[in-house]
Amino acid sequence: MLGEGAHRLDELARSGREDGDMGIITRGFGGRREPEAAALPPGQYLTRDFPVLTAGPTQYVDTADWSFTITTETGDRTTWSWADLMALTSEDIETDIHCVTRWSKLGTRWHGVPVDTVLEHIETAADYLMAHSYGGYTTNLPLEDVLDGKAWLAYGYADGPLPVEHGGPLRLLVPHLYFWKSAKWLNGFTLLTSDEPGFWEGFGYHNHGDPWREERYDGD
Ligand SMILES: Nc1nc2c(c(=O)[nH]1)N[C@H]1C(S)=C(S)[C@@H](COP(=O)(O)O)O[C@H]1N2
Ligand SMILES: [Mo]
């Protein structure tokens, strides 16, 4: 589904398609563009909306059926149910987010569990992970970009639960990288000793995706 229906990410944004279900609504992309502020990485513009960008259909997963699994490079699996996840210490996060299609949103507020917490007791020699989502979306990250308080398993947004179109019940939040790395409807990590491209990384987007270095496309 993802492969077949996939457009380039920038085309997806330009088309104003909200998601794969009823893609006619323009939100954020057609709106008034505000002047760039010093807080913006190069080439980004500010939006006050919260655009929805999804390749393929929105995933509806009930928390009763939800689980999150970490699979190590040796094949060991550790799984958290929704109740397991809710029992972990969580925190509020306030951060800016930057989409490679050039919108940035400042001061977004989230709630979730640091990725450090779920990796803490996992025995691994891996340096990379592949994040997997319900629906088949993937994105790759070096472990150093998700450890030391740089990434979260986010299930709250702006004082409420994370809305489904934004990846609820739970998404990855890696705000210091372009937002395609923040996989919506997250359901697991596979730990890897050698790096592999995820979904958009395999379509010509940059392997790393640091917005301050404008790592948009392969070769940037
Ligand atoms: N599962 C999944 N996660 C995803 C995507 C997707 O298509 N599927 N799109 C990515 C992209 S390109 C962006 S910019 C953000 C958009 O998140 P939002 O829709 O909450 O703004 O989600 C990222 N995570
Ligand atoms: Mo994006």
Side-chain angles (χ1 to χ4, degrees), residues 9-10 12-14 16-19 25-55 58-59 68 85-86 88-119 131 133 137 139 141-142 144-186 198 200 205-206 208-216 220:
L9 191 37
D10 300 81
L12 191 70
R14 268 197 298 277
R17 285 181 56 135
E18 227 198 339
D19 58 35
I25 302 167
T26 302
R27 210 161 58 182
F29 302 109
R32 185 165 57 94
R33 300 196 171 192
E34 305 189 19
E36 292 190 6
L40 287 179
Q44 297 293 112
Y45 68 87
L46 264 182
T47 180
R48 292 189 196 285
D49 299 327
F50 193 173
V52 172
L53 209 62
T54 305
T58 300
Q59 301 295 312
F68 175 79
L85 207 272
M86 290 304 106
L88 302 177
T89 303
S90 56
E91 61 191 36
D92 292 324
I93 306 114
E94 182 164 346
T95 187
D96 306 336
I97 54 177
H98 312 288
C99 175
V100 72
T101 66
R102 299 183 183 274
W103 58 264
S104 289
K105 187 170 174 61
L106 305 183
T108 57
R109 292 185 303 110
W110 306 79
H111 191 82
V113 173
V115 169
D116 299 275
T117 306
V118 288
L119 283 175
S133 296
Y137 185 84
T139 188
L141 290 149
E144 64 174 15
D145 275 297
V146 300
L147 293 174
D148 299 323
K150 291 199 285 289
W152 293 267
L153 307 182
Y155 54 83
Y157 181 76
D159 298 324
L162 180 63
V164 65
E165 68 271 22
H166 290 301
L170 181 138
R171 79 182 296 165
L172 183 58
L173 178 65
V174 193
H176 72 287
L177 298 177
Y178 283 124
F179 211 35
W180 90 76
K181 296 286 185 180
S182 294
K184 305 197 279 191
W185 313 296
L186 185 73
W200 286 119
Y205 286 84
H206 198 279
H208 185 231
D210 180 343
W212 296 97
R213 301 170 67 171
E214 263 204 288
E215 295 172 340
R216 295 180 194 278
D220 281 350

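We count residues from 1, following the sequence as given.
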For this session: With rounding to the nearest 0.5 Å, note down the distance linking CZ in Arg216 to CH2 in Trp180.
Result: 9.0 Å
Quiz: residues 92-100 side-chain donor-acceptor pairs under 3.5 angstrom, not counting sequence neighbours:
{"from": "Asp92", "atom 1": "OD1", "to": "His111", "atom 2": "ND1", "distance (Å)": "2.7"}
{"from": "Asp96", "atom 1": "OD1", "to": "Gly107", "atom 2": "N", "distance (Å)": "2.8"}
{"from": "His98", "atom 1": "ND1", "to": "Ser104", "atom 2": "OG", "distance (Å)": "2.7"}

For this session: Kindly give the heavy-atom pair with the smallest separation between Lys181 and Val174, and that separation in Å.
Result: O-CG2, 4.0 Å
Problem set entry | Trp152 side, atom CH2; Glu91 side, atom CD - distance, nearest 0.5 Å | 6.5 Å
Exercise. Taking Asp116 for the side chain and Leu147 for the main chain, is one N or O donor matched with an acceptor at less than 3.5 Å?
Worked result: no
Exercise. Closest heavy-atom contact between Glu165 and Thr54?
Worked result: O-OG1, 4.3 Å
For this session: Determine the sole option in Leu172, Thr58, Val52 for which the side-chain contact (heavy atoms from CB on, under 4.5 Å) test with Lys184 is passed.
Result: Val52
For this session: Would you check if Leu177 and Asp210 make a side-chain contact, meaning some heavy-atom pair closer than 4.5 Å?
Result: yes
For this session: Using atom types as modelled and distance alone, determine if a side-chain donor or acceptor of Asp145 lies under 3.5 Å from a backbone N or O of Leu141.
Result: no
Seminar exercise, completed: Between Pro51 and Thr47 the two heavy atoms that sit nearest each other are CD-CG2, 4.1 Å
For this session: Look at the aromatic rings of His166 and Tyr157 and report parallel, tilted or perpendicular, splitting at 30° and 60°.
Result: tilted
Exercise. Do you know which two heavy atoms are closest between Leu170 and Leu153, and how far apart they sit?
Worked result: CD1-CB, 3.8 Å
Exercise. Is a side-chain N or O of Trp185 found less than 3.5 angstrom from the main chain of Gln59, in a donor-acceptor match?
Worked result: yes
For this session: Apply side-chain contact (heavy atoms from CB on, under 4.5 Å) to Leu40 and Leu46, showing your working.
Result: CA-CA 8 Å; Leu40 287 179; Leu46 264 182; 3.9 Å; yes
For this session: State yes or no: are the ring centers of Tyr178 and Tyr205 separated by less than 6.0 Å?
Result: no
Problem set entry | Over all atoms of both residues, closest heavy-atom pair of Ala39 and Leu106 | CB-CD1, 4.1 Å
For this session: Compare every heavy atom of Gly167 with every heavy atom of Leu162, then report the nearest pair and how far apart it is.
Result: CD2-C, 3.7 Å
For this session: List the steps, then state whether side-chain contact (heavy atoms from CB on, under 4.5 Å) holds for Phe68 with Leu85.
Result: CA-CA 9 Å; Phe68 175 79; Leu85 207 272; 5.5 Å; no
